[in-house]
Amino acid sequence: MTKTFNGLEFFERVYGQVPDWVAKMHHFAPKALEYYTKLRGEILVDGALSKKEKELILVGINAARRYERSMIYHTKGAIDSGASIEEVADVLATCIISRGIPAWFTGVKAIEYAVSYVGKEEFNAAPPEDEESFFASLADYNSYYEKEVGGELPNWVKVLNQFNPSVLERYTDLRRTVLKDNVVSRKLKELVLVGINVAEMYPKGIELHVQGAKKYGATEAEIADVSLVALLTAGIPAWFEGSDYLSIEK
């Protein structure tokens with residue numbers, strides 16, 4: 001005999017209680033809750049990306065969008081899927097270079113939640129940068145971006161270089177410090193940034209970070225997973241935008 005679907009039971013298992021939004025959707029549109037829950041169950045599982053990676057991407061997307069409620073839900077999901085607090089923090093630091101310090105302000109709430117949830121008091125901090133890791137000249141900074149994009153210096157770099165080279169240098173120092181292998185890989189960080197830009201429907205950012213993700217080994221299937229994950233929190237337009245950067249092998 002086929003078991004009757006019960007969305008309330010599913011979300012109670014996931015979150016330890018039935019969120020108010022779930023209870024109300026169950027009341028007003030139970031079929032919609034059923035189909036949403038089944039969609040979530042199809043996407044938020046191990047695939048080209050692991051469930052843990054998907055949950056971490058959702059933490060980053062929601063921090064960047066400054067949506068605390070969903071960020072906390074997925075922080076729990078990430079921890080339950082095996083993520084460490086250090087991984088959560090590394091993902092949240094990555095958001096700074098795309099959506100600025102407000103993303104970190106929001107992200108701090110996820111770290112505080114994770115600390116409370118896990119009950120951990122000691123953490124492994126990232127090692128400090130030594131002075132030799134910083135570039136010696138503006139030409140070195142420009143060369144960095146040429147290597148990053150694999151070609152001509154991007155126009156936004158040229159303009160910033162012209163009007164405020166010191167800001168370009170300091171931003172690049174931040175970018176290089178954050179956007180490197182740490183407890184979270186450079187590849188996953190690029191995928192987090194793909195997810196943020198897909199959710200916010202910003203083609204220039206999607207293109208930049210899809211290129212970055214592929215440079216560090218991301219596959220078409222992994223990039224597709226990111227757009228599907230973004231769909232859960234930002235709706236079908238996220239898939240519309242992300243799918244523009246996918247290729248189907250014939």
Side-chain angles (χ1 to χ4, degrees), residues 21 32 35-71 73-75 77-78 91-100 102-104 106-107 110 145 148-152 154-157 175 178-179 184-250:
W21 69 267
Y35 294 138
Y36 171 76
T37 306
K38 288 179 177 178
L39 176 65
R40 187 186 190 280
E42 286 292 325
I43 293 173
L44 212 51
V45 292
D46 289 337
L49 295 173
S50 68
K51 185 175 186 297
K52 182 182 90 169
E53 290 170 325
K54 292 176 180 182
E55 293 281 10
L56 285 169
I57 289 168
L58 283 164
V59 172
I61 289 173
N62 284 293
R65 298 171 78 214
R66 297 178 300 284
Y67 187 44
E68 182 181 328
R69 186 195 317 201
S70 188
M71 180 188 69
Y73 284 150
H74 293 292
T75 299
V91 162
L92 292 166
T94 301
C95 300
I96 297 171
I97 67 167
S98 183
R99 294 301 183 271
W104 179 256
T106 303
Y145 286 105
E148 282 287 285
V149 301
E152 185 180 351
N155 187 60
W156 71 267
V157 176
R175 189 182 197 278
V178 170
L179 209 54
V184 172
S185 69
R186 170 74 187 265
K187 183 181 88 170
L188 184 56
K189 290 178 180 182
E190 292 284 358
L191 292 172
V192 170
L193 292 166
V194 171
I196 290 169
N197 286 287
V198 163
E200 298 204 335
M201 295 173 285
Y202 182 53
K204 192 175 184 70
I206 301 170
E207 181 181 16
L208 174 67
H209 293 293
V210 164
Q211 290 173 351
K214 287 182 175 180
K215 181 179 177 181
Y216 287 91
T219 65
E220 292 287 323
E222 288 174 322
I223 293 166
D225 265 3
V226 173
S227 294
L228 288 169
V229 164
L231 180 158
L232 291 176
T233 195
I236 197 65
W239 176 256
F240 294 164
E241 296 301 316
S243 68
D244 287 342
Y245 298 87
L246 296 172
S247 300
I248 298 175
E249 293 184 6
K250 296 182 179 179

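Below, each value reflects all heavy atoms present in this structure, side chains not excepted, and no hydrogens, waters or symmetry copies. This is a predicted model, so every value here is computed, not measured. All residue numbers refer to positions in the sequence shown, counting from 1.
Pairing each heavy atom of Thr106 with each of Ala63, the nearest pair is CB-O, 3.9 Å. In this structure, Gly242 and Ser227 approach most closely via the heavy-atom pair CA-OG, 3.3 Å. Between Lys187 and Gly217, the shortest heavy-atom distance links the atoms CD-C, 3.7 Å. Residues Met201 and Pro237 share a closest heavy-atom pair of SD-CB, 3.5 Å. Here the closest heavy-atom approach between residue Val149 and residue Pro154 is recorded as CG1-CG, 3.8 Å. The two residues Ala64 and Glu200 come nearest to each other via the heavy atoms O-OE2, 4.0 Å.
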Exercise. Side chain to side chain contact (heavy atoms under 4.5 Å, CB included) between His74 and Thr233: does it pass, once the steps are laid out?
Worked result: CA-CA 10 Å; His74 293 292; Thr233 195; 5.6 Å; no
For this session: Given side chain to side chain contact (heavy atoms under 4.5 Å, CB included), test Met71 with Arg66 step by step and report yes or no.
Result: CA-CA 8 Å; Met71 180 188 69; Arg66 297 178 300 284; over 6 Å; no
Exercise. Could you walk me through whether Asp225 and Ile57 pass the side chain to side chain contact (heavy atoms under 4.5 Å, CB included) check?
Worked result: CA-CA 10 Å; Asp225 265 3; Ile57 289 168; over 6 Å; no
Could you pull out all donor-acceptor pairs under 3.5 Å where a side-chain atom in residues 190-198 meets a protein atom, sequence neighbours excluded?
{"residue": "Glu190", "atom": "OE1", "partner": "His209", "partner atom": "ND1", "Å": "2.8"}
{"residue": "Glu190", "atom": "OE2", "partner": "Arg186", "partner atom": "NE", "Å": "2.9"}
{"residue": "Glu190", "atom": "OE2", "partner": "Arg186", "partner atom": "NH2", "Å": "2.8"}
{"residue": "Asn197", "atom": "OD1", "partner": "Arg99", "partner atom": "NH2", "Å": "2.9"}
{"residue": "Asn197", "atom": "ND2", "partner": "Leu193", "partner atom": "O", "Å": "2.8"}

Could you go through residues 47-54 and list every donor-acceptor pair under 3.5 Å that involves a side-chain atom there, pairing it with any protein atom two or more places apart or in another chain?
{"residue": "Ser50", "atom": "OG", "partner": "Glu53", "partner atom": "N", "Å": "3.1"}
{"residue": "Ser50", "atom": "OG", "partner": "Glu53", "partner atom": "OE1", "Å": "3.3"}
{"residue": "Lys51", "atom": "NZ", "partner": "Glu55", "partner atom": "OE2", "Å": "2.9"}
{"residue": "Lys51", "atom": "NZ", "partner": "Ser81", "partner atom": "OG", "Å": "3.3"}
{"residue": "Lys52", "atom": "NZ", "partner": "Glu87", "partner atom": "OE1", "Å": "3.4"}
{"residue": "Lys52", "atom": "NZ", "partner": "Glu87", "partner atom": "OE2", "Å": "3.0"}
{"residue": "Glu53", "atom": "OE1", "partner": "Ser50", "partner atom": "N", "Å": "2.9"}
{"residue": "Lys54", "atom": "NZ", "partner": "Ile43", "partner atom": "O", "Å": "2.7"}
{"residue": "Lys54", "atom": "NZ", "partner": "Val45", "partner atom": "O", "Å": "2.7"}

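Atom CG of Leu92 sits about 6.0 Å away from atom CH2 of Trp104, to the nearest 0.5 Å. Arg175 contributes atom CZ, which lies 11.0 Å from atom OG1 of Thr94 (distance to the nearest 0.5 angstrom).
Contact annotation: the side chain of Leu39 approaches that of Leu231 to within less than 4.5 Å [non-hydrogen atoms, C-beta and beyond].
Looking at Asn62, Val59, Leu232, Ile61 one by one, the single match for side-chain contact (heavy atoms from CB on, under 4.5 Å) with Ser70 turns out to be Asn62.
In this structure, Tyr245 has no ring-ring contact (aromatic ring centres under 6.0 Å, His included) partners at least two apart in sequence or on a different chain.
Judged by distance alone, with hydrogens and angles left aside, the side-chain atoms of Lys189 form a donor-acceptor pair with the main-chain N or O of Val178 at under 3.5 Å.
Using a 30° and 60° split on the angle between ring planes, Tyr145 and Trp156 fall in the perpendicular class, above 60°.
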